[in-house]
There are 2 protein chains.
Amino acid sequence: MTVAAGNQSRGEIAPGTRDDDAASATLASVELEVAQLLRRAERTHASGEPTGARRTGLDRSGYLLLHALGTHGPQHINALAARLGLDASTVTRQVVALEKAGRVRRTRDPDDGRAVVVEPTEGGLLQLTEHRSARADLYSDVLRDWSRLDRALLAELLARLNEGLDDYRRRRDTD
Amino acid sequence: MTVAAGNQSRGEIAPGTRDDDAASATLASVELEVAQLLRRAERTHASGEPTGARRTGLDRSGYLLLHALGTHGPQHINALAARLGLDASTVTRQVVALEKAGRVRRTRDPDDGRAVVVEPTEGGLLQLTEHRSARADLYSDVLRDWSRLDRALLAELLARLNEGLDDYRRRRDTD
DNA sequence: GGTAACACCTTGTAAGATACACCCATGACG
DNA sequence: CGTCATGGGTGTATCTTACAAGGTGTTACC
């Protein structure tokens, strides 16, 4: 599915026009909403909420890490760090935590004694699934008044926003 | 502006149908994207990025707090806490930090000796504006390939998602 | 008015996520 | 071999937040 992708009046020739104002109002609004979303979702994700972290025992970091492992298979710490856009030291700690909880396994790479292969356990994958489903239920409640179309739009736009942020980051890092 | 609000085929009578699967896939996707967004935006917001917090000296908490003050005027700590969905102790600390930075003023409420009125300073409001504009520039870069329409859609859907999360929270708290 | 209950804010303490700067072990190459 | 690069782990620091407990001012009620 692709959201209306044309329609852009490029070439904003005259700065300070009404159009320009509207455009920057939109951007400001996106920015503000994202900032607020961070706060809200953080709290919904983290502590407050018995359906989430506590019950399934997966916090956001663990969830995303397991997701990466589930989707892209066993990987080295550095690969995970790159994929998740995190510092390797952070990933190390997260992996250690997950290992303690029995959700991943850590083994030395036989082909490279420096490297560590991180691999999800059965239990880890199971918990990932459970967590995902619990979270989906939650969002089903949060979005209960939304139309199918709007939900799909939201998913799509969020995905694109994430891509945009990734690209932005890469651009800045490459400088 | 309102996004397509109808179209929902309610009454999901037969669980396990294809429609149902699609719906829960959408939810799962929203959930995952939000989780990822948190991570990304957090980092874009916080440290990594010289255009943001460091340069304007406003972190996310301060930004949202000042925004609340700018939009709704001087308020008590508790009112802010309620509005921001935070614990009062957290707001106290944030206000103290902003006060140290000269961005808000704290005075005893003459009508109620227990309460503290928090009020933005000139400089605080100025910095809020600057920050907002810097952030808008950032998002203008992040969303540079997006059509006007899609940006507006994103803003709208994010706003609704935030509302949804708020409502959800209220529902749970009221239980 | 006096006391008890309540409201508002602050401080103490703790937890999670993350980064950066270092350090150690291993591998690669001359 | 010896030097440099690479992969990971540790020490430390920051930021954000919550819950619990305490101080001080208000209100309500006898």
Side-chain angles (χ1 to χ4, degrees), chain A residues 35-50 52-54 57-65 75-101 104 106-118 169 173, chain B residues 35-36 38-50 52-54 57-65 75-82 84-101 104 106-118 169 173:
Chain A
Q36 291 181 333
L37 179 60
L38 289 207
R39 166 83 50 70
R40 265 162 260 248
E42 215 155 61
R43 290 163 42 88
T44 312
H45 258 270
S47 43
E49 180 263 317
R54 283 295 140 66
L58 258 193
D59 44 25
R60 185 177 79 235
S61 28
Y63 170 47
L64 292 177
L65 209 159
Q75 286 161 80
H76 292 177
I77 300 276
N78 272 336
L80 281 169
R83 192 180 300 284
L84 297 169
L86 292 175
D87 193 271
S89 70
T90 302
V91 173
T92 291
R93 287 182 231 266
Q94 291 179 357
V95 166
V96 168
L98 286 175
E99 189 184 35
K100 265 192 202 129
V104 303
R106 228 167 16 147
T107 47
R108 213 89 223 173
D109 186 334
D111 299 336
D112 184 343
R114 297 166 301 179
V116 168
V117 179
V118 184
R169 206 114 160 272
D173 286 355
Chain B
Q36 290 180 335
L38 289 206
R39 166 81 53 67
R40 265 162 261 247
E42 215 155 60
R43 291 165 42 87
T44 312
H45 259 267
S47 43
E49 180 264 316
R54 282 295 140 67
L58 260 193
D59 43 26
R60 183 177 81 231
S61 29
Y63 170 47
L64 292 177
L65 209 159
Q75 285 162 82
H76 293 177
I77 300 275
N78 272 337
L80 281 169
L84 297 168
L86 292 175
D87 191 271
S89 70
T90 301
V91 173
T92 292
R93 288 182 231 266
Q94 291 179 356
V95 166
V96 168
L98 286 175
E99 189 184 35
K100 266 193 201 131
V104 303
R106 228 169 13 148
T107 48
R108 212 91 225 171
D109 185 335
D111 299 336
D112 184 342
R114 297 166 301 180
V116 168
V117 179
V118 185
R169 208 96 170 278
D173 286 355

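So you know, we letter chains A, B, ... as the sequences are listed, proteins then strands, and number each from 1. The figures here come from the full heavy-atom set of this structure, side chains too, leaving out hydrogens, waters and symmetry mates. Here the structure is a predicted model, which is why all the values come from computation and not from measurement.
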What is the distance, to the nearest angstrom, from the [atom1] atom on [X] to the [atom2] atom on [N]?
{"X": "B:L64", "N": "D:dT16", "atom1": "CG", "atom2": "P", "result": "10 Å"}
{"X": "B:L84", "N": "D:dT16", "atom1": "CG", "atom2": "P", "result": "13 Å"}
{"X": "A:D111", "N": "C:dT26", "atom1": "CG", "atom2": "P", "result": "16 Å"}
{"X": "A:Q75", "N": "D:dG8", "atom1": "CD", "atom2": "P", "result": "11 Å"}
{"X": "A:L86", "N": "C:dG16", "atom1": "CG", "atom2": "C1'", "result": "13 Å"}

Item to check | Which residue lies more 5' along DNA chain C, comparing A:S61 with A:D109 via nearest heavy atoms | outcome: A:S61
Checklist entry - Is A:Q94 near enough to C:dG16 that one of its side-chain N or O atoms lies under 4.0 angstrom from OP1 or OP2? => result no
Are the side chains of [X] and [Y] in touch, meaning some heavy atoms are under 4.5 Å apart?
{"X": "B:Q75", "Y": "B:L80", "result": "yes"}
{"X": "A:R39", "Y": "B:L64", "result": "yes"}
{"X": "A:D109", "Y": "A:V116", "result": "no"}

Checklist entry - Tell me, which pairs form a salt bridge (Lys or Arg N to Asp or Glu O under 4.0 Å) where one or both residues lie in residues 91-101 of chain B, sequence neighbours left out? => result B:E99-B:R106
Checklist entry - Yes or no on side-chain contact (heavy atoms from CB on, under 4.5 Å) for B:R108 and B:V117, after CA distance, side-chain angles and deciding distance? => result CA-CA 6 Å; B:R108 212 91 225 171; B:V117 179; over 6 Å; no
Checklist entry - Does A:L86 offer a backbone N or O that forms a donor-acceptor pair with the side chain of A:T90 under 3.5 Å? => result no
Checklist entry - What does nucleotides 1-11 of chain C look like as a protein-contact string, B for base, S for sugar-phosphate only, - for none, at under 4.0 angstrom between heavy atoms? => result ------BSSBB
